[in-house]
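Both ligands and their constituent atoms are indexed starting at 1 by order of listing. For the single chain, residues carry numbers from 1 onward in sequence order. In what follows, every heavy atom counts, from backbone to side chain, and hydrogens, waters and symmetry copies are set aside.
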Amino acid sequence: MPVAIDLSGHRAVVTGAGKGIGRAICLELARAGADVFAVSRTESDLETLGDELQPAGVRYGYCVADLRGSETAEYVAGRAAAALGPPDVLVNNAGVADNAPAAEVTEEQWDTTLDINVKGAFFLSQALGRDMVATGWGRIVNVSSQAGLVALEGHAAYGASKGAMNMATRVLAIEWGSHGVTVNAVAPTVILTPMAEAFWGDPERGGPMLDKIPVGRFGLPQEVASVVAFLASDHAALINGAIIPIDGGYTAS
Ligand code: NAP
């Protein structure tokens, strides 16, 4: 008997919702019945996402924002609450990967990567987490990466950002778990999205990476989205502070 994920009555904020994994997460959460508030930088992506969500019959809102710090986080939290009511699910998915050999990483690349991938996610968790703690129920799922668990060449800033995200996940989990708010992360391997194509599309990089994935293939956005929907549900109430690999076994050895 399949375990049905029912998120009806919940209000989810998903960042980086315009493309790739974030878009798949929005569709999956909506299929499970959650209202969706999408955040991204390109408005046309968010408009077409709204069209795709229509068959699910859930409420949909969006705002365009560049998520980097506390001020934007407060703005997004206000817009989401005004559109749908207080969010009780947050998926911090927005992220960038501007990879370079360690000796060539610029300060700007470092700051941008850390600002978007960790600082933006942390302060949005803070802005929305306060209400979740006050009401006694909430789900925060961070989209991290296998690069936050194992060292990958060319990923100094990106790996540091995802490693930091993993630790922030654990700290929030122990602070908020007793208030009914679980905080977890997923750590995907290469997932076939515009971001991944830009780096792993080069066979010289993609081939050796593929060789290290025991299941023998890269992932699909839907394969991340279904785990996120599970973590957002009551079925996952006892999972808190976990960093869950979605990597076909890459990090098992
Ligand atoms: P993607 O295809 O590049 O899509 C990223 C989305 O995030 C886009 O909609 C983008 O908007 C948005 N975004 C980026 N920076 C933003 C910011 N500062 N503020 C608001 N929105 C922002 O990426 P993806 O591959 O789906 O990756 C999604 C997440 O999964 C990232 O956190 C990434 O690190 C993680 N991840 C990806 C892989 C992979 O192989 N794909 C593997 C492990 C982890 P615009 O396009 O408008 O800029």
Side-chain angles (χ1 to χ4, degrees), residues 13-28 37-49 52 62-73 75-76 79-80 90-99 109 111-125 141-150 152 154-155 157-166 168-169 185-202 205-206 209-210 212-213 217-225 227-228 243-248 250-251:
V13 171
V14 181
T15 71
K19 299 183 174 71
I21 295 170
R23 198 175 184 95
I25 290 169
C26 290
L27 290 163
E28 187 65 22
F37 190 84
V39 188
S40 192
R41 294 185 292 200
T42 306
E43 186 157 23
S44 55
D45 286 344
L46 298 172
E47 285 170 355
T48 58
L49 174 61
E52 278 182 62
Y62 73 79
C63 75
V64 175
D66 188 343
L67 283 155
R68 288 167 190 251
S70 58
E71 211 170 288
T72 316
Y75 166 75
V76 169
R79 289 288 305 270
L90 167 62
V91 183
N92 284 307
N93 165 80
V96 291
D98 188 1
N99 298 322
Q109 280 175 313
D111 287 347
T112 299
T113 305
L114 274 285
D115 278 359
I116 296 173
N117 293 7
V118 195
K119 193 172 159 187
F122 176 79
F123 281 104
L124 190 56
S125 301
V141 184
N142 293 324
V143 181
S144 181
S145 168
Q146 72 180 13
L149 297 172
V150 294
L152 298 180
H155 285 66
Y158 183 79
S161 74
K162 296 300 188 177
M165 174 180 247
N166 292 348
T169 299
V186 292
T189 186
V190 176
I191 303 293
L192 297 169
T193 68
M195 174 193 281
E197 300 286 354
F199 190 79
W200 299 108
D202 175 354
R205 292 198 194 107
M209 169 58 79
L210 209 46
K212 292 183 189 160
I213 302 175
R217 64 175 178 85
F218 294 143
L220 300 172
Q222 177 59 39
E223 292 178 295
V224 179
V227 179
V228 170
I243 315 297
I244 300 178
I246 306 175
D247 65 4
Y250 182 101
T251 54

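Paired with V143 under the rule side chain to side chain contact (heavy atoms under 4.5 Å, CB included), one option of I191, N93, T15, I246 passes, and it is N93.
Every atom of ligand 1 is numbered from 1 in the order shown, and the set under 4.0 Å from a heavy atom of P194 is 2 (O). Within ligand 1, the atoms closer than 4.0 Å to a non-hydrogen atom of I21 are 26 (O), 30 (O), 37 (C), numbered from 1 in the order shown. Ligand-side atoms of ligand 1 in range of G18: 9 (O), range being under 4.0 angstrom from any heavy atom. Proximity to G95 (heavy-atom distance under 4.0 Å) selects the following atoms of ligand 1: 14 (C), 31 (C), 32 (O). Taking every heavy atom of V143 and a limit of under 4.0 angstrom, the matching atoms of ligand 1 come to 29 (C), 30 (O), 32 (O), 35 (C).
Listed by chain and residue number, R68, K119 satisfy the side-chain contact (heavy atoms from CB on, under 4.5 Å) test with D115 (two or more places apart in sequence, or in another chain). Residues meeting the side-chain contact (heavy atoms from CB on, under 4.5 Å) test with A147, sequence neighbours left out: S145, L152, H155, Y158.
Heavy atoms of Q146 stay at 4.0 angstrom or farther from ligand 1. Contact between V224 and ligand 1 is absent, with no heavy atom of the residue lying under 4.0 Å from the ligand. Within the 4.0 Å heavy-atom cutoff, T15 does not count among the residues contacting ligand 1.
The proximity of N117 to ligand 1, defined as any non-hydrogen pair under 4.0 Å, does not occur for either the backbone or the side chain. With a heavy-atom cut-off of 4.0 Å, Y158 touches ligand 1 through its side chain alone. Heavy atoms of K162 found under 4.0 angstrom from ligand 1 belong exclusively to the side chain. In I116, the part holding a heavy atom less than 4.0 Å from any atom of ligand 1 is the side chain.
For atom 14 (C) of ligand 1, the nearest non-hydrogen atom of the protein is R41 NH2, 3.4 Å. For atom 1 (P) of ligand 1, the nearest protein heavy atom (residue, atom name, distance) is M195 CB, 3.7 Å. Protein heavy atom at the shortest distance from atom 43 (C) of ligand 1 is P188 O, 3.3 Å. The nearest protein atom to atom 12 (C) of ligand 1, hydrogens excluded, is given as G16 CA, 3.5 Å; this is a heavy-atom distance. Here the protein heavy atom with the shortest distance to atom 42 (C) of ligand 1 is T189 O, 3.1 Å. For atom 18 (N) of ligand 1, the nearest non-hydrogen atom of the protein is D66 OD1, 2.7 Å. Closest protein heavy atom to atom 31 (C) of ligand 1: N93 O, 3.2 Å. Closest to atom 44 (C) of ligand 1, if we only count protein heavy atoms, is S144 O, 3.0 Å.
One finds the CG atom of N99 at 7.5 Å from the CH2 atom of W200 (value rounded to the nearest 0.5 Å). For the atom pair Y250 OH and Q146 CD, the distance stands at 5.5 Å (nearest 0.5 Å).
A donor and an acceptor atom, one from each side chain of S40 and D45, are nowhere located under 3.5 Å apart. At a cut-off of 3.5 Å, with distance as the only test, no side-chain donor of D247 or T189 sits close to an acceptor on the other residue. Between the side chains of R23 and T48, at least one donor N or O lies within less than 3.5 Å of an accepting N or O. Between the side chains of N166 and S144, at least one donor N or O lies within less than 3.5 Å of an accepting N or O.
Geometrically, ligand 1 and K19 share a nitrogen or oxygen pair separated by less than 3.5 Å. In terms of polar-atom proximity, V190 is not counted as a contact of ligand 1, lacking any N or O under 3.5 Å from an N or O of the ligand. Checking only distances, T193 does come within under 3.5 Å of ligand 1, N or O to N or O. Of the polar atoms of L67, at least one N or O is found under 3.5 Å from an N or O of ligand 1, judged by distance alone. When only interatomic distances are considered, the shortest N/O to N/O separation between T42 and ligand 1 falls below 3.5 Å. Taking only nitrogen or oxygen atoms, main chain and side chain alike, V96 does not reach within less than 3.5 Å of ligand 1.
Side-chain contact between D98 and T112: absent, with no pair of heavy atoms (C-beta onward) separated by less than 4.5 Å. Within the 4.5 Å cutoff, side-chain heavy atoms of M209 are placed close to those of F218. Residues T72 and D66 form no side-chain contact, since every pair of their non-hydrogen atoms from C-beta on lies 4.5 Å or further apart.
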Worksheet item: Run the side-chain contact (heavy atoms from CB on, under 4.5 Å) check on L124 and N92 step by step: do they pass?
Response: CA-CA 8 Å; L124 190 56; N92 284 307; 3.9 Å; yes
Worksheet item: Are L192 and E197 close enough, and set up right, to give a side-chain contact (heavy atoms from CB on, under 4.5 Å), and what steps lead you there?
Response: CA-CA 7 Å; L192 297 169; E197 300 286 354; 4.1 Å; yes
Item to complete: Walk me through it: do Y62 and E43 pass the test side-chain contact (heavy atoms from CB on, under 4.5 Å)?
Response: CA-CA 9 Å; Y62 73 79; E43 186 157 23; 2.7 Å; yes
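The closest non-hydrogen atom to atom 9 (O) of ligand 1, taken over S40, A196, G219, A65, comes from S40.
Geometrically, R79 does not engage F37 in a cation-pi contact, judged by NZ or CZ lying under 6.0 Å from the ring centre and within 45° of the ring axis.
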